[in-house]
Amino acid sequence: MENKSLDGLFEDLLQNESLFKNKEVLRPSYTPASLPHRTEQVNTLATILVSALRGDTPSNILIYGKTGTGKTAVARYVGIELERKSEDINIECSVLYLNCEVIDTQYRLLANLAKHFGEDIPMTGWPTDQVFTKFKEAIDARKQVIIIILDEIDKLVKKGDDVLYNLSRINTDLVNAKVSMIGISNDLKFTEFLDPRVKSSLGEEEIIFPPYDAEQISDILRQRASIAYKENVLDEMVIPLCSAFAAQEHGDARRALDLLRVAGELAERENETHVGEPHVRRAQEKIEIDRIVEVVRTLPTQSKLALYSVMLLRNNGYRNVTTGEVYNVYRQLCVNVDMDVLTQRRVTDLISELDMLGILNAVVVSKGRYGRTKEIVLSVPIESTRRVLLEDYRLGMLAGFKPVITAQMHL
DNA sequence: TATCCACAGGAACTTGGGGCTA
DNA sequence: TAGCCCCAAGTTCCTGTGGATA
């Protein structure tokens, strides 16, 4: 009986008319046919890269700008156009895009590059210089210009700049091929950690992407909405409101597109025929909660224990908890769930990582004769975060746990 | 003004897992 | 199977910090 009613599950849902024509247009992976308010940056980048079409090596480029300012979209757009033109004029030119958030080690980066040129490189096991040699041999087999786009290049630099040093000098070892790099970062200061030789080589040209203002974001949204949504589906206030929310977040166009998409999805789920202001406001809340839930759910167990320690102290009335207090409670939790107790040094790092993720706010304060520590405040809603933490089977057994608090607490 | 506290955080090192080659 | 490599996570050791206190 139950199966019979489920048979038509998707048929029923498919009968509801969608508000979207093409939802993919609102996703970050989409590269639009034109980029409003980025003409200057597109032209600058194209001017630098045009030498690839003459068979020369373009200068290496560093692109800076905050999240959602169009850096990646511009680089990919110009890359696509460059490849298209090179085909027209029979110049071999490849543009490779790698995100260093995912490919964040020297070995993985080189292995990915080599694989692109048909080399069979294992996930691990080879000496890095062997992978580099394979990559060089693969690209130098024929005359070509290769542009490597390294998105979020700062993530790669955190684990050493050897790979950037090697790549920046690769042209001296090549006979046929020519390699140029485009580094994309939202951290203006990341080059401070680079070897001066890498710094000067990588930053031959620099392009800064300023944040969009609310009006510019509105233009971008209108352009995408006309492709993504059916006609007359969006209420008048939807785009200005999405733009205003995104402009508050340092002109983040990506956030604006997310808001526009999620607002539509919420309206669709409620079988509405229009997307209105309430949908945008609910979308704003949903995106933030989804982000927190996803981040907390995917934390390593040790980080979850550190976070749960902060929450237990908060539930016991402590507003600003210190590293020492957190560590005391953390040790008790570890014993209760039969986990290894990490050193305080390591727990300090876990707290710093939670701070960077925006789950905690940890500020270093000096309490004079009572030492120097971090004051830690939760930045996420307690109840929903607690529920997510207790979903972990190891933490589930801590549901009714009450810590013994012995430290000198400052209420 | 020197001392003290409770850490912060950098650097070097260790450990253990996964994978490759000979 | 031994020996090597990469890599993430963790440990150990160390110096630095800054404001209250004696």
Side-chain angles (χ1 to χ4, degrees), chain A residues 98-115 119-138 152 154-167 187 189-190 192-195 295 298-307 309-310 313 318-331 333-335 337-357 359-377 392 394 405-411:
Chain A
L98 295 169
N99 189 327
C100 304
E101 169 103 63
V102 188
I103 303 161
D104 62 348
T105 66
Q106 178 173 209
Y107 185 94
R108 282 180 203 151
L109 181 74
L110 294 172
N112 262 280
L113 290 170
K115 273 180 187 171
E119 292 296 326
D120 188 20
I121 310 285
M123 279 165 58
T124 172
W126 281 17
T128 307
D129 56 349
Q130 191 181 340
V131 184
F132 189 52
T133 305
K134 277 278 180 191
F135 170 59
K136 279 194 291 190
E137 286 171 2
E152 306 205 40
D154 45 301
K155 302 279 162 52
L156 187 66
V157 172
K158 280 180 186 157
K159 295 187 179 177
D161 59 4
D162 289 359
V163 68
L164 294 180
Y165 178 73
N166 290 330
L167 283 175
D187 182 1
K189 293 182 177 170
F190 92 95
E192 288 175 9
F193 307 104
L194 291 176
D195 182 301
V295 169
T298 53
L299 286 174
T301 308
Q302 291 287 4
S303 297
K304 285 180 179 167
L305 286 168
L307 175 59
S309 306
V310 178
L313 285 159
Y318 299 97
R319 287 186 300 275
N320 297 328
V321 298
T322 65
T323 305
E325 292 162 354
V326 172
Y327 189 63
N328 279 336
V329 176
Y330 159 83
R331 279 191 305 193
L333 297 183
C334 286
V335 171
V337 297
D338 200 23
M339 292 276 295
D340 290 341
V341 181
L342 302 181
T343 58
Q344 185 158 337
R345 175 71 187 84
R346 179 65 190 137
V347 172
T348 302
D349 280 344
L350 295 182
I351 291 169
S352 297
E353 286 165 25
L354 291 170
D355 183 17
M356 280 176 64
L357 289 169
I359 298 170
L360 301 175
N361 183 23
V363 182
V364 179
V365 292
S366 177
K367 293 180 180 289
R369 194 171 181 78
Y370 302 104
R372 201 162 163 264
T373 184
K374 266 183 174 158
E375 273 190 355
I376 304 155
V377 183
D392 187 312
R394 280 158 296 199
I405 301 171
T406 54
Q408 64 301 336
M409 303 293 192
H410 313 290
L411 285 166

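Keep in mind that the numbers below use all heavy atoms, side chains included, and drop hydrogens, waters and symmetry copies. Everything numeric in this text was worked out from a predicted model, so none of it was measured. Here is the naming used below: chain letters follow the sequence lines, and residue numbers restart at 1 for every chain.
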*Asks:* Nearest whole Å is fine: how far is B:dT15 C1' from A:D340 CG?
*Replies:*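 Going from A:D340 (CG) to B:dT15 (C1'), I get 12 Å.
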*Asks:* Rounding to a whole Å, what distance do you find between A:R346:CZ and B:dG10:P?
*Replies:*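 It is 13 Å, rounded to the nearest whole Å.
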*Asks:* Nearest to the A:Y107 side chain among C:dC5, C:dG19, C:dC7, which nucleotide is it?
*Replies:*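 Ranking C:dC5, C:dG19, C:dC7 by closest atom to the A:Y107 side chain puts C:dC7 first.
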*Asks:* Hey, is the side chain of A:T373 poking within less than 4.0 Å of OP1 or OP2 on B:dC5, counting only N and O atoms?
*Replies:*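 No, outside the criterion.
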*Asks:* Kindly say if A:T323 contacts the phosphate of B:dC7, meaning a side-chain N or O under 4.0 Å from OP1 or OP2.
*Replies:*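 No, outside the criterion.
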*Asks:* Determine whether A:N166 and A:T128 make a side-chain contact, defined as any pair of heavy atoms from C-beta on separated by less than 4.5 Å.
*Replies:*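 Result no, sub-4.5 Å side-chain heavy-atom pair not found.
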*Asks:* Any side-chain N or O of A:K374 below 4.0 angstrom from OP1/OP2 of B:dG9?
*Replies:*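 Yes, such a contact exists.
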*Asks:* Taking it one step at a time, do A:V347 and A:I351 satisfy side-chain contact (heavy atoms from CB on, under 4.5 Å)?
*Replies:* CA-CA 6 Å; A:V347 172; A:I351 291 169; 4.1 Å; yes
*Asks:* Any side-chain donor paired with an acceptor under 3.5 Å for A:T348 and A:K374?
*Replies:*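 Note: A:T348 and A:K374 side chains miss the donor-acceptor criterion.
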*Asks:* Which listed nucleotide (C:dT21, C:dA8, B:dG9) is nearest to the side chain of A:T105?
*Replies:*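 Nearest nucleotide to the side chain: C:dA8.
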*Asks:* So, does A:T348 get its side chain near the phosphate of B:dG9, meaning an N or O under 4.0 Å from OP1 or OP2?
*Replies:*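 Negative; the distance criterion is not met.
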*Asks:* Would you kindly give the CG-to-P distance between A:L350 and B:dC7, to the nearest whole Å?
*Replies:*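 Rounding to the nearest Å, CG of A:L350 and P of B:dC7 are 16 Å apart.
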*Asks:* Side chain of A:V364 only, please: which of C:dC7, C:dT11, B:dA8 is the nearest?
*Replies:*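 Nearest nucleotide to the side chain: B:dA8.
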*Asks:* Provide, to the nearest angstrom, the distance between the CZ atom belonging to A:R345 and the C1' atom belonging to C:dA9.
*Replies:*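 In whole Å, C:dA9 C1' lies 13 Å from A:R345 CZ.
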*Asks:* Got more than 12 heavy atoms from elsewhere within 6.0 Å of NZ, A:K134?
*Replies:*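 No, NZ of A:K134 has 12 or fewer neighbouring heavy atoms, counting only those of other groups under 6.0 Å.
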*Asks:* Within the 4.0 Å heavy-atom criterion, would you say A:Q344 contacts the bases, only the backbone, or no part of the nucleic acid?
*Replies:*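 Result for A:Q344 = sugar-phosphate.
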*Asks:* Is the A:Y327 ring parallel, tilted or perpendicular to the A:Y330 ring (thresholds 30°, 60°)?
*Replies:*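 If you compare the ring of A:Y327 with that of A:Y330, the planes turn out parallel.
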*Asks:* A:T128 side chain: which of C:dA20, C:dC6, B:dG9 is closest?
*Replies:*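 Nearest listed nucleotide: C:dC6.
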*Asks:* Rounded off to whole Å, could you give me the CD-to-P distance for the A:E353 and C:dG10 pair?
*Replies:*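 Between P of C:dG10 and CD of A:E353: 9 Å.
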*Asks:* Taking only N and O in the side chain of A:W126, is any of them less than 4.0 Å away from OP1 or OP2 of B:dT21?
*Replies:*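 It does, given that an N or O in the side chain of A:W126 lies less than 4.0 Å from OP1 or OP2 of B:dT21.
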*Asks:* Closest approach to the side chain of A:L342, judged atom by atom: which nucleotide of C:dG10, C:dC5, C:dA20 is it?
*Replies:*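 Looking only at side-chain atoms, A:L342 lies closest to C:dG10.
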*Asks:* Decide yes or no, distance alone: a donor-acceptor N/O pair under 3.5 angstrom between the base of B:dG9 and the side-chain of A:R372.
*Replies:*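 Counting by modelled atom types and ignoring angles, no donor-acceptor contact under 3.5 Å is found here.
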*Asks:* Please give, in whole Å, the distance from C:dC5 C1' to A:F132 CZ?
*Replies:*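 In whole Å, C:dC5 C1' and A:F132 CZ are 18 Å from each other.
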*Asks:* Using OP1 and OP2 only, check whether a side-chain N or O of A:R108 sits under 4.0 Å from C:dA8.
*Replies:*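 Yes, because at least one side-chain N or O of A:R108 sits under 4.0 Å from OP1 or OP2 of C:dA8.
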